[in-house]
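This report concerns only the one structure given below.
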There are 2 protein chains.
Amino acid sequence: MAGRAEITPLLAETFREHGYEGASLALICKATGLGKGSLYNLFPKGKEEMAAAVLDEVEVWFEREVFAPLATGGPAATAKMFDAVDAYFRSGGRVCLVGAFALADTRERFAARLRTYFTRWIDALSIALTAGGHKPRKARGRAEEVVAGVQGAIVLARALDDKAAFARVLERLRRRAASPQA
Amino acid sequence: MAGRAEITPLLAETFREHGYEGASLALICKATGLGKGSLYNLFPKGKEEMAAAVLDEVEVWFEREVFAPLATGGPAATAKMFDAVDAYFRSGGRVCLVGAFALADTRERFAARLRTYFTRWIDALSIALTAGGHKPRKARGRAEEVVAGVQGAIVLARALDDKAAFARVLERLRRRAASPQA
DNA sequence: GTCTATAGAGTGATAGAC
DNA sequence: GTCTATCACTCTATAGAC
């Protein structure tokens, strides 16, 4: 018997590939192998609850794999973040669900989740950059720049259909984060 | 009598606010004040043709107001681009239609238009940065960084519901573009 | 009469909810 | 599976310009 834990990652990929509106229940059924009845049994409030569960899972994953290590990992934490981010977004081949939701009609509906995701990321990266030698007063601005840059790199890579563009932008951000004086 | 020229900007705002899938014909009728008959008279191929017309208009506008000035405007051109971009995107309050389409299901359908928009932008900015003193070999990478940064700033500002975040990221990009040595 | 622009009822298909 | 609402779209009817 498939529970939410097994289904949510499949939902996540479907929402990433097609967006909230584009991910029809028919598509979701196909992607999960479940009928509509089973889906509504797992997610009684329907599609919105599915998306909420996906956003929750994304946040939990980033909290564990990215944000917490950044906030406590010391000077080497930032470099590890870039590795994790590059892997997670498949070098620009995979969309950031939170970023995509922020640009779409879904923004108001999931506003709180979108805000905490990016706030947590910037907060944690800010701590790591400070640990890496950046001046505390400037670390937050640079953290914003990096987080925005990652989102922009995804947009660019998808528009150009060119993962190398993602890699180049990320590499620039990585070097900047590694050199506090620049 | 309303022609395509009067209707297309209204379509653009509707697509920007709701995305391609979210912009239903009912919404479009309301936003334009036209009935379906009139819309299909102006755009015989329907919604896809409307979106294509909007993307064409966006590209024409950027070509005239941003890309061409960048490519021929000399050292001051980059600063003017930032002003134009800040005004156009309403300091992050307005989505980039091309960026939003790149993240959504619309990517393949409009792939060629998405690619040329960003390619032209990066090409033109690359020329302007070189004119502004950046080393030719490094100008293109920096142009990519700036264009991606603008897209990321839009995502961030919308996710945080905070135009100031857009302003801060743009200001950083502006300073970087203005100082070739950094 | 012909033409173009308009409105909107009506089409089948498909949406999400249950 | 069944429901109703809504989807993109088609079609008919009508208006006024010429």
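Every chain is numbered from 1 and lettered A, B, ... according to where its sequence line falls, protein lines coming before strand lines.
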**Request:** Please test B:K138 against B:E145 for salt bridge (charged side-chain N to carboxylate O under 4.0 Å, His left out), starting from the C-alpha separation and ending with a verdict.
**Result:** CA-CA 11 Å; B:K138 299 194 171 179; B:E145 176 188 23; over 6 Å; no
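- Distance, B:I7 CD1 to C:dA7 C1': 14 Å, rounded to whole Å.
- Proximity of B:Y40 to the phosphate of D:dC9: a side-chain N or O atom is located under 4.0 Å from OP1 or OP2.
- Between B:S38 and C:dA5 there is no side-chain polar atom (N or O) within less than 4.0 angstrom of OP1 or OP2.
- A donor N or O paired with an acceptor N or O is not found under 3.5 Å between the base of C:dG16 and the side-chain atoms of A:K45.
- Residue contacts for B:K47: at a heavy-atom cut-off of 4.0 Å it reaches the sugar-phosphate backbone alone, with no base atom in range.
- Whole-Å rounding puts the A:L11 CG to C:dG16 P distance at 13 Å.
- Taking a cutoff of 4.0 Å between a charged side-chain nitrogen and a carboxylate oxygen, B:R168 and B:E171 do not qualify as a salt bridge.
- Whole-Å rounding puts the B:R4 CZ to C:dT4 P distance at 16 Å.
- Under a 3.5 Å cut-off, the side chain of B:E59 and the backbone N or O of B:D56 do not form any donor-acceptor pair.
- As judged by a 4.0 angstrom heavy-atom cut-off over every strand, B:L34 is placed among residues touching the sugar-phosphate backbone only.
- Taking every heavy atom of both residues into account, A:E17 and B:D105 meet most closely at O-OD1, 3.3 Å.
- Put simply, CZ on A:F43 is 13 Å from P on C:dA17, counting in whole angstrom units.
- Picking from C:dA9, C:dG16, C:dA15 the nucleotide with the shortest atom distance to the side chain of B:K36 gives C:dA9.
- Rounded to whole angstrom, the span from the CD atom of B:E49 across to the C1' atom of D:dC9 amounts to 13 Å.
- Residue B:G37 is in base contact, counting any heavy-atom pair closer than 4.0 Å across all strands shown.
- Within the structure, a side-chain polar atom (N or O) of B:N41 is placed less than 4.0 Å from OP1 or OP2 of C:dA5.
- Side-chain N or O atoms of B:R140 include none that pairs as donor or acceptor with a backbone N or O of B:I122 at under 3.5 Å.
- Rounded to whole angstrom, the span from the OH atom of B:Y20 across to the C1' atom of D:dC7 amounts to 12 Å.
- Remark: P of C:dT14 and CD of B:E21 are 14 Å apart, rounded to the nearest angstrom.
- The interatomic distance linking B:L25 (CG) with D:dT10 (P) rounds to 10 Å, in whole Å.
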